[in-house]
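Here the structure is laid out as structure tokens; the discussion comes afterwards.
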2 protein chains.
Amino acid sequence: MDRADIALIEALQRDSSRSIAELAEALALSPSACHRRIRALEEKGVIEGYAARLDPHRLGLTVEVFVEITLTSQSREAMDRFERAVGDFDDILECHLMSGSADYLLRVAAADLGQYDAIHRDCLARLPGVSAMRSSFSLRRIKRFAGYPARRA
Amino acid sequence: MDRADIALIEALQRDSSRSIAELAEALALSPSACHRRIRALEEKGVIEGYAARLDPHRLGLTVEVFVEITLTSQSREAMDRFERAVGDFDDILECHLMSGSADYLLRVAAADLGQYDAIHRDCLARLPGVSAMRSSFSLRRIKRFAGYPARRA
DNA sequence: GTTCGCGCGGGAATAATTCCCGCAGGCGTG
DNA sequence: CACGCCTGCGGGAATTATTCCCGCGCGAAC
């Protein structure tokens with residue numbers, strides 16, 4: 001993981017559709033060396049895969065919500081059950097086990113408030129062992145998550 | 001945006017490295033039709049781009065933090081200044097203007113608690129107009145954000 | 001009813017790119 | 001020095017993207 005790998009990773013996080021020849025030129029590397037490095041990063045698991053980045057607004061998703069969840073019990077069983085249930089719902093985009101006051105943080109997207117209400121009823125309210133739930137709405141996305149900083153690695 | 005477009009979008013969000021021929025077969029479409037649809041989605045802006053998905057652990061990033069920020073003033077100027085400053089720091093991966101008790105929600109990643117402390121000092125503490133800041137640590141990622149649900153569009 | 005235009009899909013040809021191989025050279029380390 | 005490691009170069013095969021052309025179905029206009 002030297003300077004070139006880091007530059008490569010940052011370039012690929014920003015745009016993975018460029019050709020190897022282009023990337024190589026930007027990094028002042030030969031195409032074959034560039035290709036070898038990408039392969040190595042993929043095999044080491046640093047690069048997990050490639051994905052299209054979508055514009056949620058053009059998908060009709062105007063509402064993005066962070067939901068803090070507190071469970072009634074922090075027993076291993078209760079948490080396992082909760083986490084399994086989270087996996088079953090596609091509307092829950094992301095879930096973290098948290099330190100601090102709340103137990104879990106969820107991220108949910110919806111077309112509008114009406115649909116969020118439906119998700120709330122059909123999905124969030126069905127999660128097992130929940131004692132409290134607090135939704136915070138994102139009014140505007142100031143900065144988008146576009147990958148991790150690679151410079152210190 | 002018919003059934004095929006939605007399936008295409010979901011497939012590309014999961015893995016954009018598959019060849020068009022493969023995608024076409026999965027969608028029961030010809031490669032040329034599949035290619036045309038992808039191009040159209042790119043041109044419409046539904047697909048913003050393509051990115052490599054990295055494993056933060058293999059990058060040495062073991063700490064992920066959500067930071068709630070409250071400003072001293074909700075004036076337009078204070079918010080503008082804050083938002084510009086957020087854009088200047090690469091360690092702030094994501095930022096949302098929120099409804100509810102806190103004003104902003106930030107996402108930050110760091111190698112360890114020591115580095116988070118450094119980011120806290122050098123970056124978060126320098127954000128202008130902040131009255132309160134509350135960090136919540138992600139102990140474990142239960143479910144990863146892998147794109148938006150496309151089915152209702 | 002016919003005819004035109006239009007959108008969309010299929011198939012094949014073409015161009016570009018990736019992928020994989022071997023080889024020689026530079027460079028630091030034991 | 002010898003060795004391992006990485007780089008650059010080149011070639012060649014396989015895969016893939018991109019384009020072109022044709023045909024079908026459908027609706028509108030006359």
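Convention: sequence-line order gives letters A, B, ...; per-chain numbering from 1. As the structure is a prediction and not an experimental result, all values here were calculated from the model.
Between the P atom of D:dC6 and the CG atom of A:L41 lies a distance of 12 Å, rounded to the nearest Å. One can place CG of B:L8 at 11 Å from P of C:dG9, the figure rounded to the nearest angstrom. The distance from atom CG of A:L29 to atom P of D:dC6 is 13 Å, rounded to the nearest whole Å. Nucleotide D:dT7 holds its P atom 12 Å from the CD1 atom of A:I38, rounded to whole Å. If you take CD of B:E25 and C1' of D:dT16, they are 15 Å apart, rounded to a whole angstrom. At whole-Å resolution of the value, CG in B:D2 and P in C:dG9 are 7 Å apart. Regarding B:E22, its CD atom lies at a distance of 7 Å from the P atom of D:dT16, rounded to whole Å. If you take CD1 of A:I20 and C1' of D:dA17, they are 14 Å apart, rounded to a whole angstrom.
Residue B:R18 places no side-chain N or O under 4.0 Å from the OP1 or OP2 atom of D:dT16. B:R36 has no side-chain polar atom (N or O) that falls below the 4.0 Å cut-off from OP1 or OP2 of D:dT19. A:H35 has a side-chain polar atom (N or O) that falls below the 4.0 Å cut-off from OP1 or OP2 of C:dC19.
Under the 4.5 Å side-chain criterion, counting only non-hydrogen atoms from C-beta, B:Y104 is not in contact with B:V86. A:V108 places none of its side-chain heavy atoms less than 4.5 Å from the side chain of A:L93. Between A:I38 and A:L23 there is a side-chain heavy-atom pair separated by less than 4.5 Å.
Nucleic acid contact for B:R39: sugar-phosphate only, since backbone atoms but no base atoms lie under 4.0 Å from a heavy atom of the residue. Among the heavy atoms of the strands lying under 4.0 Å from A:S19 are primed sugar atoms or P, OP1, OP2 only; no base atom is included.
Taking the six-membered ring where the residue is Trp, the centroids of A:F145 and B:F145 are separated by 6.0 Å or more.
Residue whose closest nucleotide on DNA chain C sits further toward the 5' end, between A:A21 and B:A33: B:A33.
The pair B:R37-B:D2 meets the salt-bridge criterion, since a charged nitrogen lies less than 4.0 angstrom from a carboxylate oxygen.
Within 3.5 Å, a donor on the side chain of B:S32 pairs with an acceptor on the base of C:dG10, or the reverse.
Side-chain atoms of A:R37 lie closest to D:dC6 of the nucleotides C:dG9, D:dC6, C:dC19.
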